[in-house]
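Take a look at the structure set out below.
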Amino acid sequence: MSNYVLKYKRGNEVKYISHLDFVRFIQRVIRRAELPMLFSSGFNPHPLINIALPLSVGVTSDGELMRIGLDGDFNEQFVMDTINKTLPPGFEIIGIKKVEGKEINFNKINKAIYQCNCELEKETKVDIPSFLSNTSLLVMKKSKSGIKEADIRPHIHSLECTQEKNNITLKMCIDAGNNYNLKPDTVIEAMEKYIDGFKTTFYAVHRCALLADDAELL
Amino acid sequence: MSFSLMDKILKNVEKPTRYTGRELNMCIKDPAKIDVRFGFCFPDVYEIAMSHLGLKILYHVLNLRDDTYCERVFAPWVDMEEAMRANNMKLFALETGDEVISFDMIGFTLQYEMSYSNVINMLDLAGIPLLSKDRGTNVPFVCAGGPCAYNAEPIADAIDFFMLGEGEDIICEIIDVYKEWKKIPDHTREQYLEMIAEIEGIYVPQFYDVEYNEDCTIKSITPNRPCAKPVVKKRIMSDFDSAPTPDKVIVPYGDIVHDRVMLEVFRGCIRGCRFCQAGYVYRPVRERKADTLTCLADRLLSSTGYDEISLSSLSTSDYSQLPELTDNLIEMTEKKKIGLSLPSLRIDNFSLELMNKVQKVRKSGITFAPEAGTQRLRDVINKNITEENILSSTAMLFRGGWTNVKLYFMIGLPAETEEDVEGIANLAQKVLDTYFEIPKEERAKNINITVSTSSFIPKPFTAFQWCRQDTRDEIIEKQNLLKSSIKSKRIRYSWHDNKTSYLEGVFARGDRRLINVICRAVKNGCRFDGWNDHFKFDQWMKSFEECNIDPDFYLRERGFDEVLPWDHIDIGVTKSFFKREYDKSQKAQTTPNCREKCSGCGASCFGTGVCYE
Ligand code: SF4
């Protein structure tokens with residue numbers, strides 16, 4: 001019996017899979033790989049699969065993490081290769097670590113880096129320093145207790161922008177995790193509110209990495 | 001940087017994985033290296049389409065060929081259709097995302113009459129002219145198959161050709177001919193249709209002229225060229241055990257209706273219920289060997305990663321090697337920790353024991369389908385189940401801890417009387433009494449009986465194909481009678497919407513004149529008629545009126561000498577057999593099943609199956 005943390009990519013082909021569907025998909029992948037899954041004990045046993053910070057529908061990623069329990073002791077490379085062989089295009093395991101206890105703790109994740117490619121309604125000057133110089137950025141934000149106004153400025157750690165006519169690329173490091181989870185969509189919403197003439201017609205979000213204390217867990 | 005239209009659209013529709021493909025085991029080919037691109041069209045939404053076994057089989061058969069790429073094409077849900085139309089996006093295939101109008105051929109599977117509006121709507125979304133006669137050489141051929149194809153006259157003008165019967169072989173034959181035809185200089189569409197009309201099982205509607213009498217009944221159906229056979233006979237797979245079947249299937253991301261490995265145990269049914277089209281059109285019964293199925297189960301489980309497996313057939317209990325198969329499967333599923341479900345089992349000692357062995361069976365839903373409330377009416381329809389069967393089986397179930405019983409009936413059956421309708425309530429009451437006769441300590445608590453009725457719809461190729469269908473008012477009256485006859489609060493009653501049954505009845509025995517109505521209804525916004533929330537009965541009635549067609553015409557009783565719209569189709573079972581069965585039904589005489597005694601239905605002409613056991 002052993003636990004593995006896997007780091008994986010989710011590409012364009014598979015970005016619309018919801019979290020619940022993804023968990024079921026992974027169970028099937030592990031069965032297909034003929035790796036013996038570990039099940040929880042109890043009345044309704046379910047496989048031990050734990051996904052760090054589920055990805056929103058439509059978002060691609062280079063650095064997702066999940067933990068799986070296997071009944072047996074396997075070589076890391078073997079587990080990674082076997083699973084990769086059964087994955088459809090769009091998914092790829094890029095890192096693996098066998099763990100004993102909680103040395104890789106998903107609860108410690110507190111930041112994430114995102115890249116957003118945006119198409120603007122019209123070419124607009126995007127002055128990031130002046131946007132970030134606002135002492136507060138008030139937007140409507142969903143939380144457990146409903147939608148209410150919140151100041152997201154303290155939760156934005158960096159924001160860069162490259163621009164080519166009406167196409168811009170934003171790279172941001174923002175709070176993520178159980179403690180405070182900021183979505184890149186909310187940052188873009190704030191930019192639309194605070195930057196004159198800034199209006200997106202469409203954008204695509206990509207998660208580059210999940211961070212705990214400014215470092216990747218794997 | 002640019003975004004695809006698809007990305008922009010998918011941001012705002014529900015369940016985007018319905019449209020993106022890329023699932024586990026999807027077939028990937030390079031379209032540039034392919035001779036024939038085929039779009040397998042299922043005229044319903046992804047979750048329904050992907051639950052269909054026939055799709056999986058033909059997808060497999062076609063993609064085994066190096067020269068062919070079969071892709072899936074499903075009806076976009078209403079939100080997606082709206083977005084597609086707003087953005088001028090055409091109907092596309094899931095594998096490549098390419099527009100189907102650029103394909104060589106598209107094929108619809110017709111599983112139920114209520115999907116006809118979706119067929120027409122999908123053609124429209126694809127940019128393919130709705131009627132066969134308006135199509136040029138630059139658009140794909142449009143074909144169709146499936147159970148409704150035996151009488152798809154209502155949409156015949158929209159279909160270039162039908163494939164009748166089981167499709168595994170015939171679909172390859174038409175592809176072979178297609179490649180030959182492509183080589184002919186200056187080939188025409190008509191030429192191709194003439195070439196395939198020679199193949200057994202191919203029906204090209206435009207090669208048949210239909211003439212009508214003054215009263216709108218059919219005067220004659222005549223082939224208008226030598227290649228068209230006077231009667232088109234269905235195809236079957238004579239050696240079903242070795243018939244091609246996929247050893248891997250696509251595993252969807254989203255939740256679908258039947259999300260599990262399905263094992264097709266046998267085709268056909270030995271029983272011969274007189275109302276049941278499936279029971280007749282799939283004759284004769286042909287089985288797969290238990291060993292073949294066990295191997296197949298093993299391979300399918302490893303290739304999909306599914307954690308559930310289910311048997312598929314019209315009546316599991318009639319499988320001759322059932323004990324052997326279930327022994328093997330129970331062993332396999334226990335080892336792999338997966339669930340086994342055994343639908344349509346008749347309740348007896350064997351099946352009860354079986355269900356106790358199978359771990360994942362919930363002690364809730366057990367279903368009986370007596371179909372009629374009295375023994376007389378059950379004899380009329382040849383439903384071989386007695387009140388004693390039902391009561392002794394339910395007694396066994398109650399003692400075994402089951403408390404949820406569903407009883408399925410039909411109302412509006414031929415020769416049905418008030419007594420028969422009340423009989424439904426009486427039978428349910430007797431089941432309830434059986435429960436209370438069992439001592440408290442030997443039964444579980446909270447008995448729950450559900451009576452469910454559908455409305456009888458006379459179908460082509462059944463003993464009742466000539467019968468009159470009850471009007472909506474008559475059905476409502478009977479539903480009310482039944483409601484008031486049910487006395488106990490522990491018996492719940494649910495019933496089918498009479499409007500859907502009405503329309504299904506019209507199309508089931510419809511003729512070619514209906515195509516205008518269907519096209520008009522689609523213009524008037526009708527689609528997804530099988531979905532209660534989207535079914536627009538008023539628009540349908542308006543469309544009938546606009547086309548000057550009286551739908552009631554199709555529900556009337558037909559004379560034995562009347563030309564039926566499907567008389568030029570041969571399913572193997574003969575019209576004279578149906579006539580005999582009808583006569584026996586009038587006298588409430590039953591007919592034995594194929595294993596008890598052959599009744600000479602005609603299906604032995606295929607030279608295989610139960611007729612030669
Ligand atoms: S010919 Fe006889 S055995 Fe064969 S399907 Fe018909 S009734 Fe059954």
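These figures come from a predicted structure and were not determined experimentally. Below, chain A is the first sequence line, B the second, and so on; all start at residue 1.
Ranking Thr20(B), Val251(B), Asp7(B) against chain A, the residue ahead of the rest is Asp7(B), based on heavy-atom pairs under 4.5 Å. Chosen from Arg32(A), Glu164(A), Met37(A), Arg31(A), the residue pairing most often with chain B at heavy-atom distances under 4.5 Å is Arg32(A). Ranked by heavy-atom pairs shorter than 4.5 Å toward chain A, the options Asp255(B), Thr17(B), Leu301(B), Asn25(B) are led by Asp255(B). In terms of heavy-atom pairs under 4.5 angstrom with chain B, the leader among Val57(A), Asp21(A), Ile30(A) is Asp21(A).
In this structure, chain A has no heavy atom under 4.5 Å from any part of Lys15(B). Looking at Glu34(A), the atoms closer than 4.5 Å to chain B (heavy atoms on both sides) all sit in the side chain, from C-beta outward. Heavy atoms of Thr86(A) lying under 4.5 Å from chain B belong exclusively to its backbone. Looking at Phe25(A), only its side chain comes within 4.5 Å of chain B, counting heavy atoms on both sides. Both the backbone and the side chain of Tyr203(A) come within contact range of chain B, judged by heavy atoms closer than 4.5 Å. For Ile28(B), the part sitting under 4.5 Å from any heavy atom of chain A is the side chain, from C-beta outward, and nothing else.
Taking the charged nitrogens against the carboxylate oxygens, Lys7(A) and Glu216(A) do have a contact shorter than 4.0 Å, which makes a salt bridge. No salt bridge links Glu189(A) with Lys193(A); every basic N to acidic carboxylate O contact stays at or beyond 4.0 Å.
Heavy-atom contacts from other residues, nucleotides or ligands closer than 6.0 Å to NZ of Lys171(A) number 12 or fewer.
Using cut-offs of 30° and 60° for the angle between ring planes, the Phe78(A) and Phe74(A) rings count as parallel. Between Phe74(B) and Phe42(B), the angle of the ring planes goes over 60°, which puts this pair in the perpendicular group of the 30/60° scheme. Under the 30°/60° scheme for interplanar angles, the aromatic rings of Phe3(B) and Phe202(A) are found to stand perpendicular.
Remark: Arg28(A) fails to qualify as a cation-pi partner of Tyr306(B) under the 6.0 Å distance and 45° angle criteria applied to the six-membered ring.
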